[in-house]
*Asks:* 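For reference, the structure I am asking about is given below.
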Amino acid sequence: MTKAVAMAVEWGARWSEVRKLLERQGPFTHPDFEPSPETLKMMQENIRVLVIGAGGLGCELLKDLALMGFTNLHVVDMDTIDLSNLNRQFLFRKKDISRAKAEVAAEFINQRIQGCHVTHYYNKIQDFDDEFYRSFHLVVCGLDSIVARRWINGMLLSLLCYEDGMLDQSSVIPLVDGGTEGFKGNARVILPGLTSCIECTLDLFPPQINFPLCTIAHTPRLPEHCIEWVRLLLWPKENPFSEETPIDGDDPHHLSWIFEKAQKRAAEFGITGVTYRLTQGVVKRIIPAVASTNAVIAAACCTEVFKLATSACTPMNNYCVFNDSDGIYTYTYEQEKKEDCVACSQVPQELLVSPSDKLQDVIAILTDSLRFQMKKPGLQAMVDGKTKSLYLHSPASIEEKLRPNLKKTVEELGLRDGIEIAVADVTSPSTVLFKVKLKK
């Protein structure tokens with residue numbers, strides 16, 4: 001038997017187990033499921049799946065989807081490969097360091113799995129328009145960024161079509177989202193406009209840890225404070241390697257210098273626990289990653305993609321948590337849709353402020369409250385039928401011109417009850433419309 005024939009037999013037999021799921025009725029099949037030998041062909045030839053992220057979770061997602069029979073895959077990632085990736089991002093090799101993750105991952109899958117074609121994009125997700133995202137049947141995410149999750153969530157919500165207030169379900173593009181941190185992980189299924197979305201459950205994400213600069217500089221209490229002091233204050237002051245050399249978290253000389261200086265500062269304040277590994281983690285903002293957790297969460301996500309694409313089983317409803325830090329624990333429950341969600345509800349958003357509040361206080365409400373958690377909101381108001389820019393972060397010339405508004409009160413800016421404010425932020429591709437409500 002020639003090698004080509006042997007390969008054809010191997011790949012022809014590979015889908016036999018998938019066919020059993022698609023050509024038989026069963027107790028867990030979706031009510032709309034009709035067993036057919038054509039379903040696998042449809043899945044292989046017609047279904048377009050977008051994978052966002054080609055890191056630890058993304059590599060697993062691409063591998064699982066390709067081996068389940070999805071042949072039209074697309075992957076977006078803006079990062080390049082570095083040495084620290086190789087212990088768990090198994091599609092990459094040492095020779096691939098500095099190349100784009102998406103490109104190398106696509107090459108590996110295309111060469112290894114017959115009939116599969118992965119198209120790669122070395123881009124940010126924000127580089128693409130709505131027509132690009134509308135071309136996919138499903139989107140599956142393996143991201144480590146909450147901002148990116150919120151953005152893609154907003155994009156899929158912006159693609160929804162409504163007629164007389166009723167959602168056109170043909171405009172719904174399902175989002176399957178996975179996340180891992182150490183020995184913990186989660187997988188969820190989001191049907192935009194129908195189930196809870198990312199914004200509905202912002203409080204589920206762990207808070208981003210940032211240390212106050214005054215604490216770092218004057219009253220350090222933790223080993224992390226000492227490391228941050230060296231990174232933020234001592235490095236730019238001493239320029240240890242050359243003028244204005246940026247810190248490279250993969251350069252052992254840089255890390256060793258920071259480690260030694262942090263140890264000295266820790267000794268001055270009687271702080272213990274500064275280690276080389278902790279130094280590396282703080283400098284690179286490393287989220288602990290465990291290959292086995294990535295494998296479990298990716299398997300759960302790809303199973304949901306398979307269910308949604310084929311109706312061979314009822315999809316998960318709708319959030320699964322996994323923890324194997326002490327034994328193995330998993331639990332699935334329904335995250336409820338928030339009726340006044342900023343992103344997915346049809347309810348007008350209300351901005352409750354006092355006439356004496358300054359614009360900077362209004363912005364603080366948008367950035368600091370658990371409900372909104374915006375990053376750099378830009379505000380424009382409709383006052384007396386005209387659009388009035390209140391504050392924009394860019395370009396710099398506009399920001400400088402509008403900066404005095406930050407000290408002006410709501411009353412001075414002419415923001416009355418019912419005035420509409422359009423807020424743009426990096427967490428969403430669309431502006432959010434608020435109506436001012438003054439406190440009495």
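We use all heavy atoms of the structure for the numbers below, so side chains are in, but hydrogens, waters and symmetry mates are not. These numbers were taken from a predicted model, which means no experiment stands behind them. Counting begins at 1 with the first residue of the sequence.
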*Asks:* Is the CD atom of E411 crowded by more than 12 outside heavy atoms at less than 6.0 Å?
*Replies:* no
*Asks:* Compare every heavy atom of I152 with every heavy atom of C141, then report the nearest pair and how far apart it is.
*Replies:* SG-CG2, 4.0 Å
*Asks:* Should the pair K307-E304 be classified as a salt bridge under the 4.0 Å nitrogen-to-oxygen rule?
*Replies:* yes
*Asks:* What is the minimum heavy-atom distance between K439 and P355, and which atoms define it?
*Replies:* O-CD, 4.0 Å
*Asks:* Taking 4.0 angstrom as the limit, do R99 and E107 come out as a salt bridge?
*Replies:* yes
*Asks:* Taking only Lys NZ, Arg NE, NH1 and NH2, and the carboxylate oxygens of Asp or Glu, determine whether R231 and E228 approach each other closer than 4.0 Å.
*Replies:* yes
*Asks:* Step through the shown structure and confirm whether more than 12 heavy atoms of other residues, nucleotides or ligands are within 6.0 Å of NZ on K376.
*Replies:* no
*Asks:* For D340, is there an ion pair with R371 - N to carboxylate O distance below 4.0 angstrom?
*Replies:* yes
*Asks:* Within a strict 4.5 Å, meaning less than it, do heavy atoms of the C302 and L61 side chains meet?
*Replies:* yes
*Asks:* Going by an N to O cut-off under 4.0 Å, is there a salt bridge joining E399 and R403?
*Replies:* yes
*Asks:* When you compare the side chains of T201 and Q335, does any donor N or O come within less than 3.5 Å of an acceptor on the partner?
*Replies:* no
*Asks:* According to salt bridge (charged side-chain N to carboxylate O under 4.0 Å, His left out), does anything in residues 193-202 pair up with another residue at least two apart or in another chain? List the pairs.
*Replies:* R150-E199
